[in-house]
Asker: 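Following this message is one structure expressed as structure tokens.
All ligand and atom numbering here is 1-based and tracks the order in the structure.
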Amino acid sequence: MSEPNWEMLNNRATAAEKEIALIKQKIEWLHQNITTDTSQSIPDANKEEFERLQQENIKLKHRIAILTRTIEAQRGKASAMSNTPQSNTISINNTLWDIFHRAITAAYPNVLNPRVIVTTSNNPKFGDYQCNNAMPLAQELSSSGTKVLPRNVANNIMSKLEESPLIDKYEVAGAGFINIYLKRDFGQLILSNWLKTGEVLPPYVEKKRVIVDFSSPNIAKEMHVGHLRSTIIGDSISRLLEYLGHDVLRLNHIGDWGTQFGMLIAHLQDKFPNYSTVAPPIQDLQAFYKESKIRFDSDEEFKKRAYECVVKLQAFEPDIIKAWKMICDVSRQEFEKVYTRLDIKLVERGESFYQKRMELIVKELESRNLLEEDNGRKVMWGEKRGSGIPLTIIKSDGGFTYDTSDMAAIKQRIEEENADWVIYVTDAGQSLHFQMLESCAQKAGILRSYHRMDHVGFGVVLGEDKKKFKTRSGDTVKLIELLDEGLKRTLEKLKEKGRDKVLSEEDLKAAQESVTYGCIKYADLSHNRNHEYVFSFDKMLEDKGNTAVYLLYALTRIRSIARTAKVTQDELRRHARDTPISLEHEKEWKLAKVLLKFPDIILDISENMYLHPLCEFCYEISCAFTEFYDKCYCVEKNQAGEIVKVHMGRLLLTEATAIVLEKCFVLLGLKPVSRM
Ligand code: ARG
């Protein structure tokens with residue numbers, strides 16, 4: 001295969017993408033121009049125009065479908081071409097996509113850019129992967145007048161399939177399925193590359209500048225379990241994108257600005273008049289917030305002063321800024337404790353950062369007539385006026401809002417940070433806000449067709465009683481207390497198992513922390529993020545099933561096999577150069593095929609931002625490993641317990657398993673320990 005011409009492929013994909021964006025705009029425009037209420041009679045003069053537009057609409061839709069497929073084809077080709085058997089990481093899906101795309105196109109040249117349907121097979125009887133294109137193709141051909149049986153279509157595609165270093169054989173089965181069998185040589189080659197390098201290199205993707213906005217709690221308010229979810233999911237997404245080689249900026253968009261600061265500062269001035277020289281001893285900022293709120297609601301004079309403070313704050317008056325900083329610091333210290341424990345890295349860039357930029361963007365939007373008057377407020381609609389809730393850009397009292405800061409922030413991120421891709425991780429309750437933001441940013445010309453924006457939403461956290469997550473007394477749960485509770489429960493479990501008797505104090509502590517924080521993260525990530533999720537220490541700390549505890553144990557067990565055989569990791573790497581990995585036994589080959597799916601799992605996540613398949617994958621690995629280990633001896637001992645034989649090819653397979661599992665753990669934010 002000749003070297004792909006990257007630049008050309010990329011240019012073509014970008015050109016196609018731009019064309020799509022233009023067409024989409026055109027369609028959108030058409031939608032707006034064709035009257036939506038067809039029950040109203042259309043004046044005769046417009047009827048012809050209406051029909052013409054409708055016709056054009058149909059044509060455009062058809063064109064969109066073709067263009068979308070062209071893009072898919074370009075992308076498929078590009079990624080498949082990056083796969084040479086020599087490389088460390090191969091996307092099997094992309095390679096099969098490419099092989100089948102070529103075969104189908106050769107078999108049916110009149111079918112333009114067919115949608116290739118290749119899936120993994122879940123029954124070994126039907127191969128390792130399957131191509132299911134024959135049925136829909138037969139249907140398509142029949143409807144255009146050529147009656148043909150799916151099985152014949154499958155045979156025709158089969159006759160055009162090229163040889164590939166990945167594929168052992170293809171076969172047509174049933175009504176017209178094509179079963180695909182992978183080659184063991186290929187598996188051996190890839191796994192031994194992983195062993196030699198000591199890691200799985202990431203699959204190829206085009207590198208992007210990505211901003212991940214996550215965690216983002218609010219000053220003086222509780223950092224609650226919702227923020228914990230955002231923190232865990234956002235961190236894992238960032239880890240994955242960093243692994244793929246993207247240039248990732250992790251931003252903590254803290255709620256550190258707005259009118260509530262007026263009352264907080266006014267209250268601070270009264271309670272701690274010398275705050276500018278002595279740091280005010282506020283431990284409980286929430287109680288402080290409540291006190292000031294009571295005064296704000298009942299004392300007119302105080303309210304007036306609070307408003308004045310807001311004005312002074314927004315004008316950056318030094319004394320007021322000092323008070324504001326003190327208040328923010330109290331919260332910041334609390335947040336930091338959580339981040340340190342969970343090993344989360346974030347750059348703080350709160351709403352206050354955008355004050356000047358909010359003023360600028362408001363001017364810009366006004367001068368471009370993008371704002372509308374609405375009961376004293378100024379609002380902005382997205383591309384589709386009238387659907388959803390518009391952004392409130394200026395409140396009736398002249399102040400800015402959450403929406404204003406998000407408009408300013410997206411502009412700053414795209415234009416100053418040069419982001420290609422912006423990701424927001426918040427509860428699903430904000431999804432309409434982000435849809436409107438995206439639409440407004442497009443309308444304002446900030447987001448272009450080549451930018452990508454994702455709102456990664458998630459469901460609410462429930463207590464074991466399936467009600468909103470609260471303490472027994474009905475208060476919101478403080479995150480630090482929650483983490484402490486987790487540590488306590490884990491230690492009890494470890495002691496129950498007598499681990500405190502065998503582990504050193506240091507190892508015990510490492511295991512306790514790894515398990516606690518690991519299980520909290522894993523419980524969150526292993527659920528489909530859209531769903532509600534029940535927070536239960538009992539469930540997360542179970543050592544059976546798809547839990548962090550089970551998997552952390554699995555990895556230490558896998559790693560201990562080589563230790564029993566007295567083979568070090570370095571030695572394994574050296575052996576990998578000349579000893580073939582054993583893939584003869586059915587269970588060995590089954591395990592290897594699971595491991596080989598890793599690049600595709602990663603690529604899928606970077607497309608759809610769902611992390612639970614990565615957790616399912618970890619579990620699948622450990623199940624396949626157990627099956628393998630049950631049937632295949634790695635180390636044989638005599639009755640005296642002395643080692644009589646080390647099966648190096650199998651030991652290599654255990655190490656390859658450990659390498660993949662460990663990589664998954666890193667991406668999920670779990671910290672494996674050597675003993676637990
Ligand atoms: N502070 C917000 C909250 O607690 C989340 C901010 C998310 N990021 C953003 N750019 N709007 O819900």
Side-chain angles (χ1 to χ4, degrees), residues 210-235 237-238 248-261 264 285-286 289 327-328 331-332 334-336 338-339 344 346-355 357-358 361 380 382 388-393 400-417 419 421-442 444 446-447 451-461 468-469 476-479 529 609:
V210 197
I211 292 187
V212 188
D213 172 324
F214 70 101
S215 194
S216 310
N218 304 311
I219 300 285
K221 293 194 195 144
E222 186 69 73
M223 181 178 187
H224 53 72
V225 278
H227 295 123
L228 181 65
R229 278 207 92 175
S230 171
T231 308
I232 292 170
I233 297 172
D235 177 57
I237 286 178
S238 303
V248 179
L249 176 62
R250 302 151 157 255
L251 285 187
N252 200 1
H253 190 80
I254 287 189
D256 65 353
W257 208 237
T259 39
Q260 81 270 25
F261 282 94
L264 284 165
L285 198 53
Q286 260 131 283
Y289 180 90
I327 293 168
C328 291
S331 282
R332 190 171 293 123
E334 287 305 302
F335 303 156
E336 271 317 312
V338 175
Y339 297 140
I344 308 286
L346 265 164
V347 174
E348 183 183 324
R349 191 178 287 168
E351 291 174 19
S352 60
F353 174 86
Y354 302 98
Q355 172 62 26
R357 290 175 177 81
M358 286 195 268
I361 196 162
M380 179 170 181
I389 304 163
L391 297 183
T392 299
I393 301 294
F400 298 153
T401 71
Y402 186 55
D403 300 354
T404 328
S405 71
D406 263 335
M407 275 302 273
I410 197 164
K411 187 174 165 73
Q412 194 274 342
R413 290 168 188 186
I414 297 289
E415 293 175 7
E416 294 178 52
E417 292 293 346
W421 183 3
V422 280
I423 299 173
Y424 299 84
V425 188
T426 77
D427 60 282
Q430 298 194 38
S431 71
L432 286 180
H433 164 76
F434 286 107
Q435 274 168 32
M436 192 48 78
L437 177 67
E438 180 173 20
S439 188
C440 287
Q442 282 164 348
I446 298 167
L447 276 183
H451 292 122
R452 175 172 169 184
M453 167 169 167
D454 284 293
H455 172 232
V456 175
F458 51 81
V460 288
V461 184
K468 208 171 164 206
F469 194 64
T476 46
V477 181
K478 286 210 168 39
L479 284 192
R529 60 174 164 78
M609 311 274 125

Asker: Does R529 use its side chain to pair, donor to acceptor, with the backbone of M609 at less than 3.5 Å?
Answerer: yes
Asker: Using the six-membered ring of F335, assess whether NZ or CZ of R332 lies under 6.0 Å from its centre and within 45 degrees of the ring axis.
Answerer: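 Relative to the ring axis of F335, which defines the angle, R332 lies outside at least one limit.
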Asker: Here's a test for you: under side-chain contact (heavy atoms from CB on, under 4.5 Å), which of D454, L251, V425 qualifies with V212?
Answerer: V425
Asker: Tell me, which residues have any heavy atom less than 4.0 Å from some atom of ligand 1?
Answerer: D213, S216, N218, H227, H253, Y402, D406, Y424, T426, Q430, F434
Asker: Could E417 and R413 be called an ion pair, given the rule that one side-chain N must be under 4.0 Å from one carboxylate O?
Answerer: no
Asker: Let's go through T426 and F434 carefully: what are the C-alpha distance in whole Å and the side-chain angles of both, what is the deciding distance for side-chain contact (heavy atoms from CB on, under 4.5 Å) to 0.1 Å, and is it a yes or a no?
Answerer: CA-CA 10 Å; T426 77; F434 286 107; 3.6 Å; yes
Asker: Do R250 and D235 meet the salt-bridge criterion of a basic N to acidic O distance under 4.0 Å?
Answerer: yes
